[in-house]
There are 2 protein chains.
Amino acid sequence: MKYILIVIYIFTYSLNLIAQKNNSHKISHDKVMDSLTRSKNKVTETKKIAVLIYQDAVLQDFSGPIEVFSKARKLTRGKYEVFTVGLDTMMIGTENDFVKLKPDFTIQNMPDVDYLIIPGASMPVINDLVVNDTFTNFILKMNAKQKTKIVSICTGSYLLARTGVLTNKKATTHYFVADDFAKQYPKIKLIKNVRYVDEGGFITSSGVTSGIDATLYIVGKENGEKIKQMISRALQYKFHEKEEWPVAPNGMKYSRVPTNY
Amino acid sequence: MKYILIVIYIFTYSLNLIAQKNNSHKISHDKVMDSLTRSKNKVTETKKIAVLIYQDAVLQDFSGPIEVFSKARKLTRGKYEVFTVGLDTMMIGTENDFVKLKPDFTIQNMPDVDYLIIPGASMPVINDLVVNDTFTNFILKMNAKQKTKIVSICTGSYLLARTGVLTNKKATTHYFVADDFAKQYPKIKLIKNVRYVDEGGFITSSGVTSGIDATLYIVGKENGEKIKQMISRALQYKFHEKEEWPVAPNGMKYSRVPTNY
């Protein structure tokens, strides 16, 4: 009986060794991620981020920020939680209907958040949305919450500007539409040649990929430069705060005035 | 009777004028987009792009390429068609379950395509996928189709490499995993300090955001430098082919050997 037990013990022990070997790379990698962040970044609080999605929203506008928070979640042991929010529970197609998304919440039943991300869309879509009271009222409701910062990406700036909350504040937007934005909202101080503008309760970013910089900036402010650089390298993306805006290619600059092309 | 008709005519004409004025910015913008592309880029053919999505795939890996093709579609009057493909019809959560996607097709019922995009994921996820025969067989099946080029983003390179199709070919991957990749696949010629490598039937890209460069390169090759630059500017993103890879931050370099962190 004793010998049988010893044999079983040795057999089980060997199996364990084999299993450990097979999983060693996973264990190793997890340990690395752990050790990098354990001491300095114990999660004492979580940050919740809602991403507003709507039909024809530009995918890259919100996927850049989500990616930054996804990597930040890994490096901060779960500090960041991201979910998507739609006007209702229906599936949503991004621009050209290339991707179909299911929102996690609606604007009625979503929990309180630390950040609301508002992506942009092409101007015909934006021009329809700025006169949509549901959007305006939702943004005003979110703005009334003390702890919620609103982050617009690209032409998402129009949805924010439309509510009046940016009046007398600094903001930026995509450089193709910057002149139009300044004309539409003369009381907002348009900042050019930047990737984002932080105005406390509001952060506005310039075109599309600048959402990566705006959210790297947020994560850096909350977790330090080291974490920010790690995420930047994980994305193989060079963070930049300033950008000399190039000249808009012929005809790409947005204008409301009919022209004879 | 004559006067009534004249009054009705003037009334209708006025209504039309008002309607035209309200829509003028839309008409104008559409005309611009049209005029830019009409003559030179008449759609004589469409290019179909399938994006393989799976649980825990990295959102930015495939959303960058989708964004490039979405803008390319607008600038080429509908030349590019993108859809997502899953192993089955189930909803798929990207890394950390931050976004839930509904695939348009399954790998069984998808149409023939010109490009298959394979996004990456974190290494624990990738290590499970490379031993998944369903993935391997699907990629081999796609490779057997003459017209289909396969584009891997970031660690998606492992899924491609695993099938053997890259043997004796040049390829790249995320710089965090490059040394491991070279060790795992010694017969593949690993290229460093680049954003992508074109090997004819296969294009491999380095980390995450490099998927934007790889697909800008594809669109540029098919439609010329002008369209490529327009998309690059629309995304406020600086296309780059080369990149001096930085040193991996302490502990971020991937290794299968257990270490005592």
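Predicted, not measured: the structure shown is a model, and the values here were computed from it. Just so it is clear: chains get the letters A, B, ... in the order the sequence lines come, proteins before strands, and each one is counted from 1. These numbers come from the heavy atoms of this one structure, side chains and all, not from hydrogens, waters or symmetry mates.
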* Would you please name every residue forming a side-chain contact (heavy atoms from CB on, under 4.5 Å) with B:Met90, sequence neighbours left out? => B:Asp88
* To do: Name the region of A:Asp180, side chain, backbone, both or neither, that has any atom closer than 4.5 Å to a heavy atom of chain B.
  => neither
* Give, as side chain, backbone, both or neither, the part of A:Val68 having an atom under 4.5 angstrom from any heavy atom of chain B. => neither
Region of [X] in contact with chain A, defined by heavy-atom distances below 4.5 Å:
X	answer
B:Glu81	backbone
B:Val58	both
B:Phe98	both
B:Tyr80	backbone
B:Arg73	side chain

* Choice from B:Ile66, B:Val208, B:Val99, B:Thr84 maximising heavy atom contacts with chain A below 4.5 Å -> B:Val208
* To do: Looking only at non-hydrogen atoms, find the nearest pair between B:Ser122 and A:Lys74 and report the distance.
  => CB-NZ, 3.4 Å
* Asked: With no hydrogens and no angle check, is any side-chain donor or acceptor of A:Thr209 less than 3.5 Å from a backbone partner on B:Leu235?
  -> yes
* Counting distance only, does the side-chain N/O of B:Glu67 pair as donor-acceptor with the main-chain N or O of A:Gln60 below 3.5 Å? -> yes
* Using a distance-only test with no angle check, is there a side-chain donor-acceptor pair under 3.5 angstrom linking A:Ser70 and B:Glu95? -> yes
* Does any non-hydrogen side-chain atom of B:Arg195 lie less than 4.5 Å from one of A:Gln236? -> yes
Look up atom [atom1] in [X] and atom [atom2] in [Y], then write down how far apart they are to the nearest 0.5 Å.
X	Y	atom1	atom2	answer
A:Tyr237	B:Ile212	OH	CD1	8.0 Å
B:His240	A:Lys238	NE2	NZ	5.5 Å
A:Trp245	B:Arg233	CH2	CZ	14.0 Å
A:Thr94	B:Leu101	OG1	CG	9.0 Å

* Asked: If you count heavy-atom pairs under 4.5 Å between each of A:Tyr175, A:Phe62, A:Phe69 and chain B, which one has the most?
  -> A:Tyr175
* To do: Under the salt bridge (Lys or Arg N to Asp or Glu O under 4.0 Å) rule, collect the residues that match up with A:Asp56, sequence neighbours excluded.
  => none
